[in-house]
2 protein chains.
Amino acid sequence: MDQTPDDDLRIAHSPTTLRELVTEKMRQAIISGRFNGGDRLIERTLCDQLGVSRSVVREAIRYLEAEGLVESVSRAGPVVATLDWNGARQIYDIRRLLEAEAAAACARVADASIKAQLRQALGELDKAFHQEASLHLYAATTDFYRVIFTAAGHLIAWEVVSRLNGRISRLRALTLSSSNRRISGPAHMARICQAICDNDPEAAAQAVRSHLGDAAEIAQTLLKDAR
Amino acid sequence: MDQTPDDDLRIAHSPTTLRELVTEKMRQAIISGRFNGGDRLIERTLCDQLGVSRSVVREAIRYLEAEGLVESVSRAGPVVATLDWNGARQIYDIRRLLEAEAAAACARVADASIKAQLRQALGELDKAFHQEASLHLYAATTDFYRVIFTAAGHLIAWEVVSRLNGRISRLRALTLSSSNRRISGPAHMARICQAICDNDPEAAAQAVRSHLGDAAEIAQTLLKDAR
DNA sequence: ATCAATATTTAGGTATACCATAAGATCGTA
DNA sequence: TACGATCTTATGGTATACCTAAATATTGAT
């Protein structure tokens with residue numbers, strides 16, 4: 001109330017800086033697989049492609065480097081980070097711990113409003129799955145989890161999980177679509193949603209664990225094929 | 001073997017870049033409390049103090065921003081991140097999960113060599129505690145956990161925990177020294193070490209949980225006092 | 001004396017210029 | 001022909017210059 005009372009009258013006035021735009025663009029390029037692991041990120045080339053100066057590109061690279069999406073080898077410049085199965089397995093292990101805990105916490109506090117949000121997210125997810133819209137599926141899955149983490153109040157854990165997800169994004173895109181080995185992805189999610197709507201923390205945690213166990217297994221298979 | 005065979009003959013030739021040096025220097029300044037939470041980081045001032053150009057400082061800030069040590073508010077520039085109890089609690093929760101899991105995994109695989117490393121780290125920790133050397137204690141505690149995570153093969157989890165630790169560093173320094181409420185810090189560590197040396201995963205995990213529960217409780221008290 | 005309008009300063013955002021180094025190409029000699 | 005030395009170029013590291021916006025101080029008028 002002590003702030004400016006008419007936030008919605010503000011001029012559009014681009015609150016996002018050019019640097020943030022470029023960071024996001026490069027992050028998407030890496031996550032979406034447009035840049036492959038091991039690709040060199042040549043500054044001047046990126047500058048030309050993006051139409052910005054080196055300062056902007058370099059600062060974006062520094063940010064992505066700290067995120068683990070880019071690695072800078074001394075005197076050779078930055079390259080897109082690669083991930084072997086050992087690293088991917090560790091990330092799935094961490095996600096299992098954090099997501100199970102978040103789902104349990106969410107189940108403990110879930111009220112009608114949260115349950116509604118969750119069901120809606122699940123609906124989107126289902127829709128994307130049947131349309132075989134891979135990108136939409138990815139976003140919907142992310143949204144589903146975002147609802148869970150946010151409702152649980154696990155904001156920092158969500159931050160951590162999002163970061164890690166960026167590093168296994170290509171795997172994730174693959175596992176999401178091919179996830180019909182044991183149970184399809186949405187079926188897993190439905191179980192999680194159901195457990196939370198029943199306010200059953202242990203069942204929610206268990207559902208998450210089994211989903212991630214499946215995903216990790218598929219990822220392992222895919223990674224071994226790819227190499 | 002396919003590399004240059006005489007690494008030790010190499011010219012000093014500073015393999016670390018100026019930017020990395022500045023990043024580390026600023027990180028230390030924040031972690032050690034020389035910069036307080038909420039302090040503005042004025043680029044040109046930092047340039048003068050560090051004797052480098054703005055490019056270097058800005059890239060370092062971007063890196064620390066991604067690490068969560070610095071926050072950039074739109075149109076006001078970067079400030080040192082602050083942490084309230086809600087954030088700190090979340091970080092302790094995440095640490096509890098990851099460290100308990102790592103300790104259990106370590107207990108499963110610990111052989112004589114790992115046990116020896118752990119005991120040595122514990123010795124250092126004890127020494128620092130009795131010398132009341134706060135900085136040394138901090139480093140020794142970090143080393144102790146590094147041994148555990150490394151032995152468990154949880155390298156990425158260690159990365160995550162280290163990041164998060166940076167964000168609660170001031171709290172951590174305080175809890176370490178004042179940790180003699182229920183059991184002193186080294187006593188907790190000794191229990192963890194013992195459980196791992198007994199190859200008892202569940203006891204190790206439990207010891208970690210009780211240590212962190214204690215630490216979080218102390219932190220909460222301190223944070224409430226400080227505000 | 002107070003309020004408002006303008007000038008000044010400060011700081012961040014962006015672009016560019018310069019330098020050093022490492023890898024690759026070219027040319028000369030054995 | 002093959003090896004080596006030198007030159008070129010591509011690339012990253014570093015410094016600086018310029019612009020815009022916001023905050024603050026200053027000055028003038030009521």
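In what follows, every chain begins at residue 1, and chains take the letters A, B, ... in the order their sequences are listed.
Protein atom CD1 of B:I42 is 13 Å distant from nucleotide atom C1' of C:dT9, rounded to whole Å. The distance between atom CG of B:D48 and atom P of C:dA11, rounded to the nearest whole Å, is 10 Å. Distance B:R19 CZ to D:dG12 P: 11 Å, rounded to the nearest Å.
Ion pairing of B:E65 with B:R27 is absent here, as no side-chain N (NZ or NE/NH1/NH2) approaches a carboxylate O to less than 4.0 Å.
With sequence neighbours left out, the side chain to side chain donor-acceptor pair (under 3.5 Å) criterion links B:R58 to A:E59, B:E43. The salt bridge (charged side-chain N to carboxylate O under 4.0 Å, His left out) search around A:D39 returns none, not counting sequence neighbours. When the side chain to side chain donor-acceptor pair (under 3.5 Å) test is applied to B:E101, no partner is found at least two apart in sequence or on another chain.
The ring pair (Phe, Tyr, Trp, His ring centres under 6.0 Å) pairs that include a residue from residues 47-95 of chain B number zero, where partners must be two or more places apart or lie in different chains. Residues in residues 149-158 of chain A take part in no salt bridge (Lys or Arg N to Asp or Glu O under 4.0 Å) pair, two or more places apart or across chains. Residues in residues 140-170 of chain B take part in these ring pair (Phe, Tyr, Trp, His ring centres under 6.0 Å) pairs, two or more places apart or across chains: B:F149-B:W158.
Proximity of residues 57-71 of chain B to DNA chain D (heavy atom under 4.0 angstrom from any strand atom) is not detected for any residue.
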N/O to N/O distances under 3.5 Å, protein versus nucleotides 15-18 of chain C:
| unit_1 | atom_1 | unit_2 | atom_2 | d |
| --- | --- | --- | --- | --- |
| C:dA15 | OP2 | A:S53 | N | 3.0 |
| C:dA15 | OP2 | A:S53 | OG | 3.3 |
| C:dA15 | N7 | A:S55 | OG | 2.7 |
| C:dA15 | N6 | A:S55 | OG | 3.4 |

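The residue A:L41 sits close only to the backbone: its heavy atoms come under 4.0 Å of sugar-phosphate atoms, none of a base.
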Return a table of donor-acceptor pairs under 3.5 angstrom between the side chains of residues 118-127 of chain B and protein atoms on other chains or two or more places apart.
| unit_1 | atom_1 | unit_2 | atom_2 | d |
| --- | --- | --- | --- | --- |
| B:E124 | OE1 | B:H136 | NE2 | 3.3 |
| B:E124 | OE2 | B:K127 | NZ | 3.4 |

